[in-house]
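Heavy atoms only: backbone and side chains are in, while hydrogens, waters and symmetry mates are out. The chains referred to below are lettered A, B, ... by the order of the sequence lines, with proteins before strands, and numbering in each begins at 1. None of the values given here were measured: they were computed from a predicted structure.
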There are 4 protein chains.
Amino acid sequence: MLKVAILGGSGYAGAELARMLLVHPHVELTAITSERLAGTLISDTFLNFRNTDLRFEPMNLKAIEVKADLFFLCLPHKASQEAVAHFHAAGKKVIDLSADYRLKNAGVYEKWYQTPHMYKPLLKKAVYGLPELHRAKIKKASIIANPGCYPTTAILGLSPIIGQDIVDRDSVIIDSKSGTSGAGRTPAQPFMFCEVNESVKAYAISVHRHTPEIEQELSGVAGKKLNVIFTPHLIPMDRGILSTIYIRLKKSISLSKVQKMYRDFYRDEPFVRVLNNGVYPMTKAVKGSNYCDISVFLDKRSGKGVTLIIVSAIDNLIKGASGAAVQNMNIMYGFDETSGLASSPPSP
Amino acid sequence: MLKVAILGGSGYAGAELARMLLVHPHVELTAITSERLAGTLISDTFLNFRNTDLRFEPMNLKAIEVKADLFFLCLPHKASQEAVAHFHAAGKKVIDLSADYRLKNAGVYEKWYQTPHMYKPLLKKAVYGLPELHRAKIKKASIIANPGCYPTTAILGLSPIIGQDIVDRDSVIIDSKSGTSGAGRTPAQPFMFCEVNESVKAYAISVHRHTPEIEQELSGVAGKKLNVIFTPHLIPMDRGILSTIYIRLKKSISLSKVQKMYRDFYRDEPFVRVLNNGVYPMTKAVKGSNYCDISVFLDKRSGKGVTLIIVSAIDNLIKGASGAAVQNMNIMYGFDETSGLASSPPSP
Amino acid sequence: MLKVAILGGSGYAGAELARMLLVHPHVELTAITSERLAGTLISDTFLNFRNTDLRFEPMNLKAIEVKADLFFLCLPHKASQEAVAHFHAAGKKVIDLSADYRLKNAGVYEKWYQTPHMYKPLLKKAVYGLPELHRAKIKKASIIANPGCYPTTAILGLSPIIGQDIVDRDSVIIDSKSGTSGAGRTPAQPFMFCEVNESVKAYAISVHRHTPEIEQELSGVAGKKLNVIFTPHLIPMDRGILSTIYIRLKKSISLSKVQKMYRDFYRDEPFVRVLNNGVYPMTKAVKGSNYCDISVFLDKRSGKGVTLIIVSAIDNLIKGASGAAVQNMNIMYGFDETSGLASSPPSP
Amino acid sequence: MLKVAILGGSGYAGAELARMLLVHPHVELTAITSERLAGTLISDTFLNFRNTDLRFEPMNLKAIEVKADLFFLCLPHKASQEAVAHFHAAGKKVIDLSADYRLKNAGVYEKWYQTPHMYKPLLKKAVYGLPELHRAKIKKASIIANPGCYPTTAILGLSPIIGQDIVDRDSVIIDSKSGTSGAGRTPAQPFMFCEVNESVKAYAISVHRHTPEIEQELSGVAGKKLNVIFTPHLIPMDRGILSTIYIRLKKSISLSKVQKMYRDFYRDEPFVRVLNNGVYPMTKAVKGSNYCDISVFLDKRSGKGVTLIIVSAIDNLIKGASGAAVQNMNIMYGFDETSGLASSPPSP
C-alpha cells in the first residue's frame, strides 16, 4: 500500500481527494492537514465521510514528511511553492493541485499571479499533469502540476485539432460556464446562496489566471505560440464546467472527419468520451465522475467561413482537480489508471 | 381606458402579460383565452394572481374581436399567422409575441420554421417591435412582431457598434445562457426539474430559429447582410438570459470610447442601462424588470487583434417577451413609455 | 410626502424596504445608512435598483434625526435598542425590524437574546406590528416592533383558531421551511451556495429565538399562556417560508366550518388569502408579494382524535419583514393600507 | 456471478439500480426492460452510464425469465402484481420496488391504491425488505417488497423508541421534505423546473399512500396498532428526504438516554448512523449513499410535556429505493451486506 498525505484538506478539492483516496485499493491515507481544524475529525466537517477516524493535523512540513511517500498539496497558490520544494528536497513525490508549478515560464507566472516564484529550477522538473498529453512524462515525474479546472476542458477540447493545418490557431474563443464549488469553501459574499442562485454572470473577462495555462499547453500541442480569448461564467449549480469553444477553419471539412480525428485522438483514453453525432454534453452526465465528454459541431453559415464549435464537460472537482490527481498517481505508480475512478456517477 | 385582450394566456408569457396589464394605469384587460382552461379562473392556474375574477375563455376569434381594440397574441408560431390576419382585417391592432411576423422574408421564415407563410402581404405591414431600433414605426404600426428573447439581448448588445467601420461584421459570435422559463409551461422531459437542475448544456447549435431574426435586424443596422454564430445554452434557473458576444475589431480603440458609443446610443432609452466600467451584468439584477443591462470589455491579447466582448442581460419573460409587448403598446397609444414597467425588481 | 429614512440598509431587508419606499406614492426616502458602504451609491451594491442617486451614509443618529419623521431600523438586535430610544426621545416615529422591542417581558428577551434590555419603559410603548391582530394600536403607535418572519406565518396561521374552545392549545407544533435570504447577506460558511444547494436541514430545534415571540402573541389571542414546539428548516431557495402547523382538536368539527372561521377572521384583510378547499399554498405564489396564503386540512385518522393541519406561506422579506413595515407605515399615517404593496408578484 | 435482470428500467430508480448492479462484484446484469426505449442503448438515455453495451428490451415475461435468477421490478404499482406472481411461479426470486406487496392486509392495499389485489396468497410470502427490522426473514425470502422512500425515514426514525413504554404511540407526527426525483421521470406539469424551483409546498395531506405502510411497520414494532399523521412536502432539489418526527413522551427522560437507545438499536447496522449530540442531519451528507442519518432532540417546553423530535435523512433513490434493493439482494444471497454500497458519496 502506498502511503499518501494531503496538505490543505479543508476545502472541497481536498475533501473529494480524501474521499477517493480512502477507498482506493492501493493506497493508505496517513495524514490530512488543516490549520484551522487541526485536532478535529474530518468526518465532523465533511458529514458525507464514513468509516474513518482520520483527524486533521496542523501543517508541519517536517513532522509530516515521514508519514508518506506521495504528498497531495491542496494549498493556495504561493503557499504551495515552498511546500513542493520541501517535499522534493526530502526525496518525496508531490502532486500539487495549486497553480504554482503549472506555468513553465516564471515570468508569466509572476505577471499573472503577482508574486515572485522562488523555486524556478523546480519548474523545469514539474510535469503538467494532463495524462492525455503527457502520460509518458507523468510516469517518471516526481513533481506533478495538476491542471486547473477550466484549462482541462479547453485543452482536451482543442488538443485533437489545434495542431492541424486546417484551423486558424489565432481564432480560439473559449466561453466557459462553471458551477460554484470552483470558488472554494471560504465564505465570501459573491458566493452566498442568495447571490449565486437564480443568476448567471461573466467574470474576469480577459484577466482570468487560467488563461496562460491554456495557452501554454495549446501552444505546445500546436508547436506554435498562440493566445486565446477566455471568458468564465458563474452559474447556479454546485459542480461542473461546460466549455463552448469556437475555432475558425481555414478550409471546409466534413463533420464526420472532425469526429474521426477526435475519436482517433482519444481512442485509448479511459476518461474522455467523444459523444455520438448530435449529442450534446451536459455537466450532469459527468457529475461525480472523472470523465470529460466532448462533442463537435460545424457552423457553415458565418461570413468568416466554417467554424468548429466544440463543447466539453467535466466535473470541476474530479476531472478538474482531485480525480485528475488520482489518475496522475495511478500513472506514476503503475496502478491501473482507472483505480478508484471507474464507477459511473449517480444521476440525476 | 384602452381595452385589450390576450389570446393564449395559459403559458408563462401570457400570464406575465396579464399580470402587468391588470395593474396598468391606462388599460382594461377584457379577455384572456385558453382552450384547455376555458371557464376556469386565471387565479386558479396562476396562484400569484390577486384581485381578479377574470376567467379563461375559449379562443373564438369572431366572438372575441368585439371585446378589445388591441390584441396580444401568445400563440404558438404558425397558429398566430391566421389570428393576426383576422384581427387586422377587423380593423384591430395586434401585438404578436410569436415568430410569425418577425422575419420580413417569407422564404427565410419558411426555411427555418418549416411551414408556409399564408399572409405574405401582411409581413410588410408588420413592424419588428424593438423600440430601441424602430420606435417611430412602432408608433404608427397596426401589427407588431414582438421580438424573441435571445434576439433582444443580441441586437441590443450589438446595435451601437455593428454599423461602425471599426468592426468586422462577419465575426460575430453570440454565446447565450438562458433560464428554463423560455421553454414554456408544457410538460416535456428535458425541462423536468431533475433534468435541468445541477446541469448546463448547449443545444440547437447553428440551427436555433432565433438566428435569422438576429441576422435580419443586425443586417438592417449595419446596412449590409451579415450572418452570426449563435449558441444557446440551458442553465438551471427560472428566468433570465445572459449573452456574451464576441466581435473582432479592425483597428484598436480605447474601451472608454466604446463605452461612450454605447452610452450615446442608449442615452434616451428608459430600459437600457450601460453599466459602469468593469461592472458585470448579472441576470438577477434585471429579473422581474423590463431592463437590459449591457457592459463592454476589450480583449487585446488575441492573435487576431482586438476583440470587443459585450455582455447583455435581460429577463426573458419581460424585456424578452411581455414587458416588451407592454412597452410597444405604450408607444403605439402614446402612453408614457414606462407605464406599468417602471418599478425596480425584487432582489434577491 | 412623508419623509422617511432607513438605518442599516446594506442587508436584504433594508434593500427590499428601500426598493418599496422609492416607489411609494406618499413617501420620500431621504437617507439610508451603512457604515461599511458609506459614500457609495446604493445602486452600486444593489444592481436591481434603478433611477436613484441615493448614497449610503454613515450611521450618525444625531445627524440623521433631522432628515425624516419616520425611521425604519434594520439593525441587528441589541444595536436597535438604543437607536429606537434615540429617535423616540427626539419625537420621531420608529418601525424597528429587529427583535429588540417585540417581547413585552424584558426577562424573556434577556433569556433568549442573552443581553440586557436597557430601555424597559419603552417596551410598554412599543406595539407588535402585526396589522391583522393590532391594527387599532398600530394607528396610534410611535414605536412599532415589526414581527419576525417565522412568527408571521405561525401567528397568522393559528390566530383564527387558537382562542376557540375546540382546540387543545398546548398541542401546537410548527414545522417551518425557509429560504436562505432570512440568514442575511453577511458571508458565512453555512449559507454559501454549495452548502445550501441540494440539501435540507433542520436547525435550532427548541432554541430558535422566534419561539417566545410566537408564544407571546398566540397567548394573547388565546387569553391564556401557552408554549409551542417550533422547528425551523433551511431549504435551497432564496425567498419564502412555508409553515406546516399541527394542533389537536378537542372535538370533531367539519372542515368547511373551520374554513369559514378562517374566512371570517380574515374577511377584511387585504393581505391574507384563505385558499379554496384542497388548494395547497406554495411559496412561489407569494414570492415578491405582501400576501400570506393559508389553507387548512383535517386529519381524522390519528389515535389522538382529529388534528387540524394549517399550512401558511409568505415571502419572508416582504410580509415577513419589509412589506409588513410598509403596511404598518400605511396604517400609522392613514395611507391606503395597500399603498406600494398592491401588485401581483412575477411568476415563475 | 449471480444473474439479475431489471424490469422497468427507464425511470430514475431503475437507472440507479442498473448503475449499482453494473459495478457490483458478485452480479451480472443480463437484461433491462423498457417498452418505450426497447432496442436502444441504456447509455443513450442515461448519459452518466459508461462502459456498457446493454440495451433496453421489451418486457416479455416469458422470454426474460430464463435470463436471470433474481428479478428487480421497477414497475408501476398494479403492474407489478402479475409480474411478481409470474417470476415466483417460475421459481425465481423477486425484489419488487413497487408498493404491490408491501401491505400485508389486502383490504388496506385496495383502499389506498384503489385497485384489487389479485395475488393475495403471495402477500403472506412477501417480506417487507427493511433489513434493520427483518434481516432474518429477508435471508430466506423469495419475494421482497422493497420499502417506500418516505416510510424508510419514518420507520428507521421511530423503530428504536416506538415499542418503549415511555412514548405515547398515538401522538406520532411525521413532517417530511422530499426532493423531486421521487416524482419520477415521466413529464408532468407540477414537476417542471419552473414549477418546483424556488418554491416549497405540502401535498397529499392525510391521504399519501405511504401512510399505511408506515403504520403497518411501526405497529409491528410497537406490538400494537397505531396510526400516524404524515405530511409530505416537495422542495427544490433532486434527491433526498428529510423527515422531522414528533412523538410525545409519557415521562421525562434524558437526551443521552434516548441517544443510547438509538445507538444500541443500530449498533451493528452498516447503513444507519446516529449522529453526535447536537449535530443536524442534512440530505447532502447522505446524497449518493445508502446511509440513513438520524439525530434526536428533546423539547421540554411544551404544555403537553416532553416531546421527542427525531430527524432522519436519506437519499430517496438509494436507501429509499435502489440501494435498499441491493442491500436486500446482498442479504438474500449471503454477499457482504455492503457490497456495491460502501463508498462515501461525493460532496458538495
Under a 4.5 Å heavy-atom cutoff, which of B:L275, B:L22, B:N197, B:T52 has the most pairs with chain C?
B:N197
Quick one: of B:P281, B:S344, B:S181, who has the most non-hydrogen atom pairs under 4.5 Å with chain C?
B:S344
I'd like to verify something: which residue of B:D44, B:L317, B:N48 has the highest number of heavy-atom pairs under 4.5 Å with chain C?
B:N48
Under 4.5 Å heavy-atom distance to chain B, tell me which part of C:Y280 shows up: side chain, backbone, both or neither.
backbone
Say whether, by atom type as modelled, one donor and one acceptor occur between the side chain of C:S10 and the main chain of C:S34 under 3.5 angstrom.
no
Give, as side chain, backbone, both or neither, the part of C:F46 having an atom under 4.5 angstrom from any heavy atom of chain B.
neither
C:M282 versus chain B, heavy atoms under 4.5 Å apart: side chain, backbone, both or neither?
side chain
Using a strict threshold of under 4.0 Å (side-chain N to carboxylate O), is an ion pair present between B:K284 and B:D293?
no
Roughly how far, to the nearest 0.5 Å, is CG of C:L47 from CD1 of C:I42?
11.5 Å
Tell me whether C:R239 is salt-bridged to C:D315, with the criterion being a basic N under 4.0 Å from an acidic carboxylate O.
yes
Greatest number of heavy atom pairs closer than 4.5 Å to chain C - which of B:M20, B:E198, B:R185:
B:E198
Checking C:D336 against C:N330: is there a side-chain donor and acceptor pair closer than 3.5 Å?
no
Do C:R263 side-chain atoms and C:V274 backbone N/O form a donor-acceptor pair below 3.5 Å?
yes
